[in-house]
Structure formats: structure tokens, C-alpha cells
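Take a look at the structure below.
All chains are named by letter (A, B, ...) in the order of the sequence lines, taking the proteins before the strands, and each is independently numbered beginning at 1.
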There are 2 protein chains.
Amino acid sequence: MLTRERIVAAALALVDAEGADALSMRRLGAELAVDASSIYYHVPNKAALEDLVVDAVMSEVDLSADDPAAPPPARVLTALRGMAEALFAHPRTLPLFASRSLTTPESLRPIEHLIGVMRETGMNYPRCVAAVNALSFYVLGATTAQAVGMLEEDRDARAAAALAALPAEEFPHITAAIATPGLLGDAEEFELGARAMIAGLLAEG
Amino acid sequence: MLTRERIVAAALALVDAEGADALSMRRLGAELAVDASSIYYHVPNKAALEDLVVDAVMSEVDLSADDPAAPPPARVLTALRGMAEALFAHPRTLPLFASRSLTTPESLRPIEHLIGVMRETGMNYPRCVAAVNALSFYVLGATTAQAVGMLEEDRDARAAAALAALPAEEFPHITAAIATPGLLGDAEEFELGARAMIAGLLAEG
DNA sequence: ACCTGAACACCGTTCAAGT
DNA sequence: ACCTGAACACCGTTCAAGT
């Protein structure tokens, strides 16, 4: 029996293994030993399926490390770490996050959690939402930047070549930045940026 | 005569008018009154074309408002405003930004500029890059959030319906946030988040 | 040098028909 | 209720051939 769960699990596995471009209804059907058209009985269309893949990844976020007694900045940092961990476990789904949206209660739980923590600082809702939005995009950005290294196959040699070909006189900083080895590990870099953003966003509350 | 410039201009116009999904080599060929295969003489493939569309938008960023004598935080804010303005002028290209990368000198100029300004605070290169990365993703995130309102056609009614259907007991904050009218205009919200991030990122320099 | 046409190997989606 | 098969209207990319 085909179920929505089986379909989503197969779709996520396919994206993990071969990238977002490899996800097609026909290919997915083959993977499930079923005709492509059968999928439409369980999922309205491909866009909805992509939403569900994004939901599945976001549902893996572990919020159990939260200590409700800790100060808000520490709690937010813990939550962001949890998000980064889940995203990093599925780097090839990252492009989907930008164009798709969260649709299930399970996947919206981390967002609910973050708004709740921000809220305890006395910030009003519109500002909480803006702050959570900024933080979420930071996590997505930092995770994407880290994933670039491990996904050379997906990555365009073109982009790297373009950076390398940049005239050093006109682009001294980019040139120098490329030449400077990352003094910080990825994890430390993530922490630094996250702490900075949290401090900034909570300071003006 | 077909040129790379004409192709990119037509591609950007097409995405602006009908969204990123409408961009196909065949459709673009029709728009240029040329066979789809002719495009391959000027651009290696569709991924490269999408890179060039992203480059074209980023090249529109106006950095002329920069005052080199101003303090770094003010200069960074000015640059982010310029980026947001350019992105907001082409909201339907935003999904492309997440999956494509900048490849031309013109489009990398705002990045070079930002790194340079950060650099004047004495921050080392890896941290400058991390900071600029975080700020860029903030601009992308904030712009995307703002664009959602004006692009209902692209937007899934599914996403909105999912939020509305969320059980209020389990998701009190999201429910409340939806019900709370945006007290801040989009522009003010962008400014607040941007100032907060800049303050946070420059503070620990 | 620049463009075309045909071909190859794919797509997403619908819908009558089967069980 | 659940799945299939065929069909429709598309795709990206290649490559010999034309001018």
C-alpha cells in the first residue's frame, strides 16, 4: 500500500542521495515500484510534495535540549543549533527551503518554540516574527555555506572559477578572503554569527 | 544578432513577468524569435543562465549612497538597503538566489564592498566573510518575507491554509502572531532587524 | 561565426479505465 | 478505495547540417 508517509520518505531519500534535481514524479514512482500517476492519489502535485520533504527535515529538529529555566539568549542558541543540525543532516534539501514553505504542525514546532522564547523577553509579536525570520535565514545561510564544501558535485565549477578569475586590484577583499584559510572551524563560525545575531536582536527588545 | 546580454535581459523580463517556473530554454527562444538550441551557442546551459539572471539583479545594486567617511555600521546599513531595494524590484527572482550563485564581477561588487567596510573595523577575513554571509541571507530572507504579500499567485494557498488550520492550543504564539496586525511597516521591520544584526556582528569584532 | 531542425531522453498532470 | 496506462503538452541538451 502506497501512503503519503512512504512517498515522502522515498522523496527525501532520493534528494539526499542524488540532489533536488533528481526528484521527479516518474523517478519517484520507479523507486516505489509504482506508476508515477499513482502518487497523485496521495499528494496533490509536485510542489506539495516538495513542501512535505521540507516539512520532514524540519520535523527532525530536536528541541529536547531546551532548558526552560535558562536565559532566553541561551535558549535561542540551543534551538538554532538544533535547526542547523537537522538541516546539515540533509544538505541537498537546502535549495528546497528557499522556495517551499512549512505546512505541517510538526515542522512548525521549532518556529513556535522560537517565537515563544523571544516572547518571554517582552518583545511584541511582529518583532518576534521578524527576529525569528532573521534567525531562521541565518541558519539556512550558514548551513548552505557549510554544505558547499561537501557537495562539490552539485556545485558549479563555474562559481568557483568565477571567484578565482576575479581581478585582484578591483576585488582585493574577496581575493584576500579566498586566500585566507578559515581560521575558525565551521561550528565555531556558526556559533559566533548566531551569538552575534541573538545579542543584537534581543538587545533592542 | 543574439547576444548573451539580450538573452539574459529576456530571461530576467520573463521571470519578472511570469515567475521562475516560466523560464525555459524553449520559451525563452520563442521570446527572442529564435530556436531554443541557438541559446546554447551563447550560454552553456540553463543553470548558467539562471546564474546570469541572479547576477543581473545583483548588478543593479546601487552603492553610490555610500559615504566613506561615515562609521561602519551606518555604511553597512546603507549597503543592505541598496541590496534590499534591488532584490525587491525583482521579487520573482528570489527563489533563484538560494540555489544559484554570483559569477560576474559586476554582481560581486556589493559583496566586495561589504567585506571592505567590515574589514575597516579590524575584523579578520574569515569573520568578515561569515558576517557578510549572515547579512546577505538576512536581506534575502526579509525581502522574501515582504514579497510573499505581493505575489499571492505564486504563493501556495496551501501554506496559508496550513497556518490557519493550526490548533491554537498547541501553537499559541503562531496563532497570536497571525492575528496581530503588523504594527511596523515592512520598511521599518527591515531596518530594525538590519540594525540589530549589524550591531551584534560588529560588537564582538 | 552563428543559427536551425530533428532527435533523444526525459518531464508534470489528467483522466478514463481497471480491480 | 486505490492504482494503471495512455495521452497531452511540455522539458534540457546534443549535433549534424545549413548559411
Side-chain angles (χ1 to χ4, degrees), chain A residues 1-15 17-55 92-93 95-96 98-101 103 153-159, chain B residues 1-15 17-55 92-93 95-96 98-101 103 153-159:
Chain A
M1 250 285 264
L2 207 52
T3 64
R4 182 180 276 229
E5 288 72 40
R6 278 189 61 216
I7 292 169
V8 174
L12 176 54
L14 184 53
V15 173
E18 306 188 25
D21 284 347
L23 178 60
S24 77
M25 302 304 263
R26 294 174 123 106
R27 175 71 195 280
L28 188 56
E31 219 74 34
L32 289 161
V34 115
D35 193 281
S37 59
S38 306
I39 298 169
Y40 286 86
Y41 188 80
H42 303 273
V43 170
N45 52 46
K46 198 190 174 188
L49 177 60
E50 290 177 343
D51 284 346
L52 291 171
V53 170
V54 166
D55 283 324
R92 304 180 99 154
T93 66
L96 295 178
S99 46
R100 308 308 326 164
S101 35
T103 61
E153 337 155 30
D154 296 359
R155 207 64 200 167
D156 316 276
R158 207 171 334 100
Chain B
M1 252 283 263
L2 208 52
T3 64
R4 183 180 273 229
E5 288 72 39
R6 277 189 62 215
I7 292 169
V8 174
L12 176 55
L14 184 54
V15 174
E18 305 188 26
D21 284 346
L23 179 60
S24 79
M25 302 305 262
R26 293 174 124 105
R27 175 69 197 282
L28 188 56
E31 219 74 36
L32 290 161
V34 116
D35 193 279
S37 59
S38 307
I39 297 170
Y40 286 85
Y41 189 80
H42 301 273
V43 171
N45 52 44
K46 197 189 174 187
L49 177 61
E50 289 176 344
D51 283 346
L52 291 171
V53 169
V54 166
D55 282 324
R92 304 180 99 153
T93 67
L96 295 179
S99 47
R100 308 309 325 165
S101 35
T103 61
E153 336 156 29
D154 297 358
R155 208 63 199 165
D156 315 275
R158 207 170 336 98

Counting primed atoms, P, OP1 and OP2 as sugar-phosphate and everything else as base, the B/S/- map of nucleotides 14-19 of chain C against protein heavy atoms under 4.0 Å is BB----
Which nucleotide in the set D:dG12, C:dC11, C:dC2 lies at the smallest distance from any side-chain heavy atom of A:Arg27?
C:dC11
What is the separation between atom CG on A:Leu28 and atom P on C:dT13, rounded to the nearest whole Å?
12 Å
Residue B:Val34, side-chain heavy atoms: nucleotide from C:dC3, D:dC3, D:dG12 that is nearest:
C:dC3
For A:Arg4 and A:Val43, indicate whether the former's side chain and the latter's backbone hold a donor-acceptor pair under 3.5 Å.
no
Could you give the CG-to-P distance, from B:Leu2 to C:dT4, as a whole number of Å?
8 Å
What is the minimum heavy-atom distance between A:Met25 and A:Ile39, and which atoms define it?
O-CD1, 3.4 Å
Whole-Å distance separating the NZ atom of A:Lys46 from the P atom of D:dA9:
21 Å
What one should report as the nearest heavy-atom pair of A:Val53 and A:Thr93 is CG1-CG2, 4.3 Å
Where is the tightest heavy-atom contact between A:Val54 and A:Arg100, given as atom of each residue plus distance?
CG2-CB, 4.0 Å
Given that both distances must come in under 3.5 Å, which nucleotide forms a Watson-Crick or G-U wobble pair with C:dA16?
D:dT4
Separation of C:dC2 atom P from B:Arg6 atom CZ, nearest Å, is 13 Å
Taking atom P of D:dG5 as reference, at what distance in whole Å does atom CE of A:Met25 sit?
17 Å
Roughly how many Å is it from CZ in A:Arg26 to P in C:dT13, rounded to a whole number?
11 Å
Considering just the side-chain nitrogens and oxygens of B:His42, establish if one lies under 4.0 Å of OP1 or OP2 belonging to C:dC3.
yes
Whichever of A:Tyr41 and B:Ala36 has its nearest DNA chain D nucleotide further upstream toward 5':
A:Tyr41
Quick check: do A:Arg6 and A:His42 have side-chain heavy atoms less than 4.5 Å from each other?
no
Can you find a pair of side-chain heavy atoms, one from A:Ile7 and one from A:Leu52, that are under 4.5 Å apart?
no
Heavy atoms of A:Asp55 and A:Ser101 approach each other most closely as OD1-O, 4.3 Å
Base, sugar-phosphate, or nothing for A:Ser38, non-hydrogen atoms under 4.0 angstrom?
base
In this structure, how many angstroms lie between the C1' atom of C:dC11 and the CG atom of A:Leu49, rounded?
15 Å
Starting from P on C:dT13, measure out to CG on A:Asn45 and report it in whole angstrom.
5 Å
Could you work out the separation of C:dA9 and D:dA9 based on their P atoms and round it to a whole Å?
23 Å
